[in-house]
Amino acid sequence: MDRKSFLQNSSILAGASILPATSVFAQNLESNGIDKLTDANGQFILQPLPYSNNYLEPYMDEETTHLHYTFHHGGAVKAANTDMEMIRKAMDSKNYESVDYWTKKLSFHFSSHVLHSIFWTNLNNKKTNPTGQLLKDIEKDFGSYERLKTFISHTAKNVDGAGWGILGYQPYSRKLTILQCENHEKLTQWGVVPLLVIDVWEHAYYLKYKNKRADFVDALFNIINWDNVAERLETAKKLS
Ligand code: MN3
């Protein structure tokens, strides 16, 4: 059975199809239920921003959204394609020293592409709260939504340098877990599927919030799309 027919026959596809077809998340999914990051040829692609640049105002300003999406996320996509090409060239020319260099670059740029792709769909222009199975899992694994908020906020605010606070699903333990990610690729637990990602690189907030990263993280809770987080959890459980 080839990969395509395997996917069509597997329960994974059923996982994707239960998502509302109109949601931003569903539109950005591959048939196997994960985010669409590449085209048919395997080139990394930047999906359209799922809303206008001013949609997240006033908590995230229009100029920041524009620059962040176009040049930081967009730049990572271009760079990841370059990294892949350079790895190929280095292998073909037996230039193995530079393989090491470009492999590290790919880890950084591709991880940036993954996290930013999730980040845009995690945001909304209205306040929501976790409900349903997501809320039950939060209460089981963290005690309460308030405790989760405190945990992930603290983690995000206190990243050393640039990075992310991440709520993820750990399929080995079947639990929600928190990561404090440095840069885009460090301090993961293997296997964790990111559900909610909070970008605390300075480019995410400096125009509006200046040095006040903590104020930015607190403000983000006004625009987190918890329905998207719930959809992602549901899909992660089906994938694992
Ligand atoms: Mn960013």
Side-chain angles (χ1 to χ4, degrees), residues 24-25 28 34-38 43-84 104-125 149 152-168 178-189 192-226 228-229 232:
V24 166
F25 180 42
N28 287 310
I34 60 171
D35 299 81
K36 184 171 169 56
L37 305 181
T38 59
Q43 287 280 304
F44 299 116
I45 50 164
L46 183 64
Q47 294 278 77
L49 192 65
Y51 32 70
S52 60
N53 286 317
N54 64 0
Y55 184 76
L56 303 170
E57 294 266 9
Y59 302 104
M60 197 178 293
D61 60 289
E62 181 171 3
E63 189 179 10
T64 295
T65 302
H66 167 67
L67 295 173
H68 194 172
Y69 166 76
T70 309
F71 296 105
H72 294 277
H73 185 183
V77 172
K78 283 187 193 144
N81 281 320
T82 302
D83 301 337
M84 291 284 283
K104 285 179 189 167
K105 287 286 182 200
L106 178 63
S107 172
F108 178 82
H109 291 128
F110 177 66
S111 300
S112 171
H113 184 22
V114 170
L115 292 178
H116 282 106
S117 299
I118 296 169
F119 181 65
W120 303 121
T121 67
N122 277 164
L123 301 174
N124 202 356
N125 69 346
K149 248 169 96 170
I152 194 170
S153 299
H154 189 80
T155 305
K157 290 171 188 177
N158 291 294
V159 170
D160 288 336
W164 302 73
I166 296 175
L167 169 68
I178 298 286
L179 305 176
Q180 187 181 59
C181 170
E182 291 176 7
N183 296 347
H184 302 298
E185 76 286 24
K186 295 172 191 161
L187 303 182
T188 189
Q189 302 167 21
V192 164
V193 181
L195 307 174
L196 169 65
V197 297
I198 297 178
D199 190 340
V200 292
W201 281 63
E202 286 182 350
H203 65 235
Y205 61 87
Y206 220 85
L207 289 182
K208 184 177 173 73
Y209 295 88
K210 304 292 186 269
N211 57 316
K212 300 204 165 83
R213 180 195 275 181
D215 289 359
F216 166 67
V217 172
D218 290 338
L220 267 193
F221 281 89
N222 293 296
I223 50 171
I224 289 174
N225 184 347
W226 284 103
N228 179 257
V229 179
R232 288 182 173 281

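Every number for a ligand or one of its atoms is a count from 1 in the order of the listing.
- A salt bridge does not link D215 to K157: none of the charged side-chain nitrogens sits closer than 4.0 Å to a carboxylate oxygen.
- Inclusion of H116 in the first shell of the Mn ion (ligand 1) is supported: an N, O or S atom falls under 2.8 Å.
- The backbone N or O of L195 lies less than 3.5 Å from a partner atom in the side chain of N122, making a donor-acceptor pair.
- Rounded to the nearest 10 degrees, the angle NE2 (H68) to the Mn ion (ligand 1) to NE2 (H203) equals 90°.
- Considering just the N/O/S atoms of D199, the one nearest the Mn ion (ligand 1) carries the name OD2.
- Of the possible polar contacts, none joining the E62 side chain to the N53 backbone as a donor-acceptor pair under 3.5 Å is found.
- Summarising the geometry of A204 relative to T64, their closest heavy-atom pair is O-CG2, 3.4 Å, with the distance given to 0.1 Å.
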